[in-house]
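Worksheet: one structure, shown below.
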Protein chains: 2
Amino acid sequence: MSEKTINNVSVDCVIFGFSNNSLNVLLTERKLEDEKTGEMIVNDFTLQGHHVLEGEDLDDAAKRILKEKTGLEDIFLKQFYVFGSAGRILNPKDQLWTKVRYPNIASQVFSIGYYSLVDSSKVNPDRNHRYTKWFPIKDLPELGYDHLEIISKALDSLRKKILIDPIAFELLSERFTLGQLQTLFETILDVKLDKRNFSKRVSQMKYIIPLNEKRRIAKIKPARLYIFSREVYDKTRKEKINFSF
Amino acid sequence: MSEKTINNVSVDCVIFGFSNNSLNVLLTERKLEDEKTGEMIVNDFTLQGHHVLEGEDLDDAAKRILKEKTGLEDIFLKQFYVFGSAGRILNPKDQLWTKVRYPNIASQVFSIGYYSLVDSSKVNPDRNHRYTKWFPIKDLPELGYDHLEIISKALDSLRKKILIDPIAFELLSERFTLGQLQTLFETILDVKLDKRNFSKRVSQMKYIIPLNEKRRIAKIKPARLYIFSREVYDKTRKEKINFSF
DNA sequence: CCAAAAGTGTTACGGCTACACCCATGC
DNA sequence: GCATGGGTGTAGCCGTAACACTTTTGG
């Protein structure tokens, strides 16, 4: 690390991707062997995170981490919670890992949780020469620190937000089919939707624009492609007041 | 301060109250005179905030501040954002105040923003012997630091949440009238609602329970009182999936 | 010809909105 | 008796949900 870091504030990123009808999270392997016995003491996965640099904005720290780990820029990022319980790091495994890898760290660390939505076809998770891999949200490996809790809170936050704001598209390629969009909602919200009603709903949204192009893939009827237009969205957006408390 | 504080992490509370058909925020006066000339150098208002203590959970820090400033416990608190831009404190006035009052503070401070909803009839804002006062959200005084931005973000967050979660009641007395509840929504959301439709809506919500008691006040017809039951709410709650992205 | 997903309309019901008049009280 | 907010019913409309068959493609 060439720049000075703030030793008690870190940013952790829950990077969501969508593929094979599954919502996935990008995780990095954590491995530590006992020097003498060669025994594996720590062997699990963690989120991507890093301490904030001096003089750095939080959002910038999150962007930096994302750039490093996925190579991507200008992607959707949302700060969703701060994890700062005094007793977060009680597990001996985590304490050991921290002592070895981050000897200068403060005893009480505040982790600012961000989640991001990426088009996972654009991500090259191996760029950092570390073992970084997508895991389905329904089938996570063993996780270090309190990262399971962080992922769980991120998911809650995403589920709420995807109903209210036009962020689903961030998980798809620029051009997508209705089927992909529908499956995305079904997967994230864990519901079944009616194809005809879904299509009607979408066609009311002027900011989801049908193209005169079709996706052709194996064995099935070519499907029309759509794009999301943020310009149209911003222009036509009106708040509707809908109590459901 | 008897306990050791963490000098770069603070919690700031936006305390919302509702009275006289106005949404209000509790603010504390900040005053500093030039020792020689007697000239008033700093004279404005700030939110209630304090640095986090070593070993203290963030939520506990927020509770502590709330208890100190209002005397209240067990009240609604929501962490809504972290303010950590490197260049937050550029105003000379704020720098001066910080140097005089908090000489040991770090140069870059992360403020965890919480907002709370209180029954303002229960608050005694003068208990701390400082000049603390309610201000209508529509008529705020001059504010120190970036507290205007913090209040503004808190309000956005409240407006979203009040539509989704049963938190409006936190701003009213335990027993309230339909009129009070309706005015609360109208004020916070800045809309006009139909009295009859509102009343029908409320009567569908089984967790808003009519009492056989009436509020009697000057000159008007006595109004039926209601209470909110969290038990009933938790039992009958079901998520409804309502795209409006 | 088969498998797999794409594409497309109608109907019935329920929920939401719009709307106006009388009531109880304190002064 | 008047000013103030409390309390109540209906009708039309619109949006939502339920529902099934045909099309296109690749193998």
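Chain letters run A, B, ... following the sequence lines, proteins first, then strands; residues in each count from 1.
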Residue list, side-chain hydrogen bond (donor to acceptor under 3.5 Å, both in side chains) with [X], at least two apart or on another chain:
{"X": "B:Tyr145", "answer": "B:Thr98"}
{"X": "A:Arg237", "answer": "A:Tyr233"}
{"X": "A:Lys214", "answer": "none"}

Worksheet entry | Between C1' of C:dC23 and NZ of B:Lys195, the distance in whole Å | 11 Å
Worksheet item: When every nucleotide of nucleotides 10-18 of chain C is labelled 5' to 3' by its protein contacts under 4.0 Å (heavy atoms), B for base, S for sugar-phosphate only, - for none, what sequence of letters results?
Response: B------BB
Item to complete: Could you list all the salt bridge (charged side-chain N to carboxylate O under 4.0 Å, His left out) pairs where at least one residue sits in residues 161-185 of chain A, not counting sequence neighbours?
Response: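 Every salt bridge (charged side-chain N to carboxylate O under 4.0 Å, His left out) pair that includes a residue of residues 161-185 of chain A, provided the two are not neighbours, is A:Lys161-A:Asp165, A:Asp165-B:Lys160, A:Glu170-A:Arg230, A:Arg175-A:Glu213.
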Worksheet entry | Sequence neighbours excluded - salt bridge (charged side-chain N to carboxylate O under 4.0 Å, His left out) pairs with any residue from residues 136-153 of chain B | B:Arg88-B:Asp146, B:Lys93-B:Glu142
Fill in: With sequence neighbours excluded, residues passing salt bridge (charged side-chain N to carboxylate O under 4.0 Å, His left out) with A:Glu73
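Salt bridge (charged side-chain N to carboxylate O under 4.0 Å, His left out) list for A:Glu73, sorted by chain: A:Lys67.
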Worksheet item: Mind checking what makes salt bridge (charged side-chain N to carboxylate O under 4.0 Å, His left out) contact with B:Lys122, not counting sequence neighbours?
Response: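 Partners of B:Lys122 by the salt bridge (charged side-chain N to carboxylate O under 4.0 Å, His left out) criterion, ordered by chain and then number, come out as B:Asp119.
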Worksheet item: Quick one, which residues of residues 165-180 of chain A touch DNA chain D with a heavy atom under 4.0 Å?
Response: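 Here the set is empty: none.
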Worksheet item: Quick one, which residues of residues 184-192 of chain A touch DNA chain D with a heavy atom under 4.0 Å?
Response: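 Nothing qualifies; none.
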Practice prompt. Give the first and the last nucleotide of DNA chain D, reading 5' to 3', that has any atom under 4.0 Å from a heavy atom of chain B.
Written response: D:dA3 to D:dT10
Fill in: Within residues 206-223 of chain A: residues closer than 4.0 Å to DNA chain C (heavy atoms)
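Correct list: A:Arg215, A:Lys219, A:Ile220, A:Lys221, A:Pro222, A:Ala223.
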Discussion item. What I want to check is whether the side chains of A:Tyr114 and A:Asp59 have a donor and an acceptor closer together than 3.5 Å.
Written reply: yes
Discussion item. Let's go through A:Asn24 and A:Ser22 carefully: what are the C-alpha distance in whole Å and the side-chain angles of both, what is the deciding distance for side-chain hydrogen bond (donor to acceptor under 3.5 Å, both in side chains) to 0.1 Å, and is it a yes or a no?
Written reply: CA-CA 6 Å; A:Asn24 308 309; A:Ser22 169; 2.8 Å; yes
Item to complete: Look at A:Lys200 together with A:Asp194 and state whether they make a salt bridge at an N to O cut-off of under 4.0 Å.
Response: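 No, no charged N to carboxylate O under 4.0 Å.
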Item to complete: Inspect the contact between A:Lys63 and A:Asp57 and indicate whether a charged nitrogen and a carboxylate oxygen are less than 4.0 angstrom apart.
Response: no
